[in-house]
Amino acid sequence: MHQAEIGLALGGGAARGLAHIGVLRELQEAGVAVTHVAGCSFGAVVGAAYVCGTLAELEERARNLSRADVIRLADAAFSGGVLRGDALLDELRRLTRGLRFEDLPVPFAVVATDLATGRPVILRTGPIAEAVRASVSVPGLFAPAVVGGRALVDGGLVELVPVTALRQLRPARAVAVDVSSSADLWTRAANRARLSVGSVRRHWRRLRRIAAGLMPGAALALLTSHSRGEEQGWSLVRTVLTAFDITEAQLQRGAPGAAADLVIRPEVEGFHGHQFYRAAEIIAAGRAAARQALPLITGVAPGEAARPAAAPGLRPAAGGGVAG
């Protein structure tokens with residue numbers, strides 16, 4: 001067994017985030033100790049399963065996920081998001097065994113985005129399920145999660161791979177797992193929407209004027225109201241447009257965040273964010289990428305016996321899905 005200790009920053013990517021399961025499995029089997037974890041979006045789900053001891057359960061569920069299971073999580077709301085997210089929160093409570101961050105043997109951080117300020121929020125206290133629910137709240141799909149009086153959404157708006165949060169946990173080495181894809185259908189749609197956000201705003205105002213004369217008042221209010229309810233007045237449209245603004249501001253700032261010692265990039269470009277039914281392939285891609293990175297993590301070449309000395313610092317790799 002190789003002796004190495006690392007911290008992992010698990011990034012967002014919807015279904016592509018299943019690759020994190022494969023990465024963690026491969027590292028476990030190689031004897032690599034993951035001593036600190038930070039997660040964003042679906043990376044927060046996998047990270048939570050790892051630190052709560054339910055990674056095997058999550059993998060089994062992912063490999064056997066049916067369309068009926070997905071539909072069961074779709075609790076319609078249309079207030080702040082198409083889905084309310086209560087069913088998802090129940091699932092996350094089961095996955096995390098109702099644990100709090102304070103209960104964990106491994107330091108864990110979850111990244112979300114504050115809708116009001118557009119800034120990242122690093123969650124490290126309280127119920128883990130509620131933090132993860134906030135981090136996976138894709139604007140417009142799930143209603144914002146209210147945590148500590150703040151309306152929180154997907155952390156990927158501000159830092160898709162949460163290396164900054166991981167660095168705050170102070171691991172000996174920081175390894176990032178990037179499962180993003182510029183070819184993803186959702187990503188392309190979001191990019192097109194951001195480019196035309198001004199047009200979106202203009203068309204929404206026009207649509208609202210037309211809808212006011214056609215829709216019952218209650219139905220229109222469901223989509224547009226700014227009532228101070230559970231979502232703190234974040235209507236679906238306001239949530240989506242604010243998310244566009246946050247992402248646009250982030251792109252203009254060009255802030256890369258903290259750098260990792262090593263970046264693992266599983267070959268998941270060919271998978272789209274909704275393809276959870278391809279879990280076996282995506283998990284396998286994560287295993288393959290971690291296997292390729294092992295010599296950089298442990299300092300032991302494939303087939304070599306473990307060295308008695310401590311593993312050296314991480315070194316750059318020449319492509320192939322691993323970079324340092």
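What you see below is based on every heavy atom in this structure, not just the backbone, and it leaves out hydrogens, waters and symmetry mates.
Around atom CD of E57, more than 12 heavy atoms belonging to other residues, nucleotides or ligands sit under 6.0 Å away. Atom CZ of R63 sits in a crowded spot, with more than 12 heavy atoms from other residues, nucleotides or ligands closer than 6.0 Å.
For T35 (side chain) and I6 (main-chain N/O), a donor-acceptor pair under 3.5 Å exists by modelled atom type. Proximity of a side-chain donor or acceptor of E5 to a complementary backbone N or O of V34 within less than 3.5 Å is not detected. For H20 (side chain) and G11 (main-chain N/O), a donor-acceptor pair under 3.5 Å exists by modelled atom type. Counting only distance, with no hydrogens or angles, the side chain of R97 and the backbone of C52 share a donor-acceptor pair below 3.5 Å. Judged by distance alone, with hydrogens and angles left aside, the side-chain atoms of D261 form no donor-acceptor pair with the main-chain N or O of V175 at under 3.5 Å.
Closest of all the heavy-atom pairs between V111 and S135 is O-OG, 2.6 Å. Across all their heavy atoms, R16 and S180 have their closest contact at NE-C, 3.9 Å. Nearest heavy-atom pair, R25 versus E59, reported as atom, atom and distance to 0.1 Å: NE-OE1, 2.8 Å. Contact between V110 and A44 at its shortest, heavy atoms only, is CG1-CB, 4.1 Å. Closest approach of P266 to A285, counting heavy atoms only: CB-O, 3.9 Å. When all heavy atoms of P107 and P105 are compared, the pair lying nearest together is CD-O, 4.1 Å.
How far CG of D178 is from CD1 of I264: 11.0 Å, rounded to the nearest 0.5 Å. A distance of 10.0 Å separates OH of Y50 from CG of L10, quoted to the nearest 0.5 Å. Here CZ of R291 is found 8.5 Å from CD of E29. Values are rounded to the nearest 0.5 Å. Here CG of L55 is found 12.0 Å from CD of E60. Values are rounded to the nearest 0.5 Å. The CG atom of L160 sits 6.0 Å away from atom SG of C40, with the distance rounded to the nearest 0.5 Å. The CG atom of L58 lies 11.5 Å from the OG1 atom of T96; values are rounded to the nearest 0.5 Å.
Residues I128 and F42 share a single hydrophobic cluster, defined by chaining ILVMFWY side chains whose heavy atoms lie under 4.5 Å apart. Under a hydrophobic-cluster definition in which Ile, Leu, Val, Met, Phe, Trp and Tyr are linked whenever side-chain heavy atoms come within less than 4.5 Å, directly or via other members, V51 and I122 are assigned to different clusters. L166 and V132 end up in different hydrophobic clusters when Ile, Leu, Val, Met, Phe, Trp and Tyr side chains are linked at under 4.5 Å.
Put simply, the side chain of F142 does not reach to within 4.5 Å of the side chain of V153, judged on heavy atoms. Considering only heavy atoms from C-beta on, V121 stays 4.5 Å or farther from V147 through its side chain. When side chains are defined from C-beta on, E281 does not count as touching Q275, because their heavy atoms never get closer than 4.5 Å. The side-chain heavy atoms of L294 and L27, taken from C-beta on, include a pair separated by under 4.5 Å. R61 is not listed as a side-chain neighbour of R94, based on a closest heavy-atom distance of 4.5 Å or more. When side chains are defined from C-beta on, V179 does not count as touching I282, because their heavy atoms never get closer than 4.5 Å.
With R167 as reference, V163 is the one residue of T164, L169, V163 to meet the side-chain contact (heavy atoms from CB on, under 4.5 Å) rule. Under the side-chain contact (heavy atoms from CB on, under 4.5 Å) test applied with P120, the options T113, V158, D114, L157 reduce to a single match, V158.
Of the charged side-chain nitrogens involved, none lies within less than 4.0 Å of a carboxylate oxygen, so that R133 and E130 do not count as a salt-bridged pair. Look at R100 and D103 and you find no salt bridge, because none of the NZ, NE, NH1 or NH2 atoms lies under 4.0 Å from a carboxylate O.
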Q: Applying side-chain contact (heavy atoms from CB on, under 4.5 Å), run through L24 and L8 and close with a yes or a no.
A: CA-CA 9 Å; L24 282 162; L8 280 183; 3.5 Å; yes

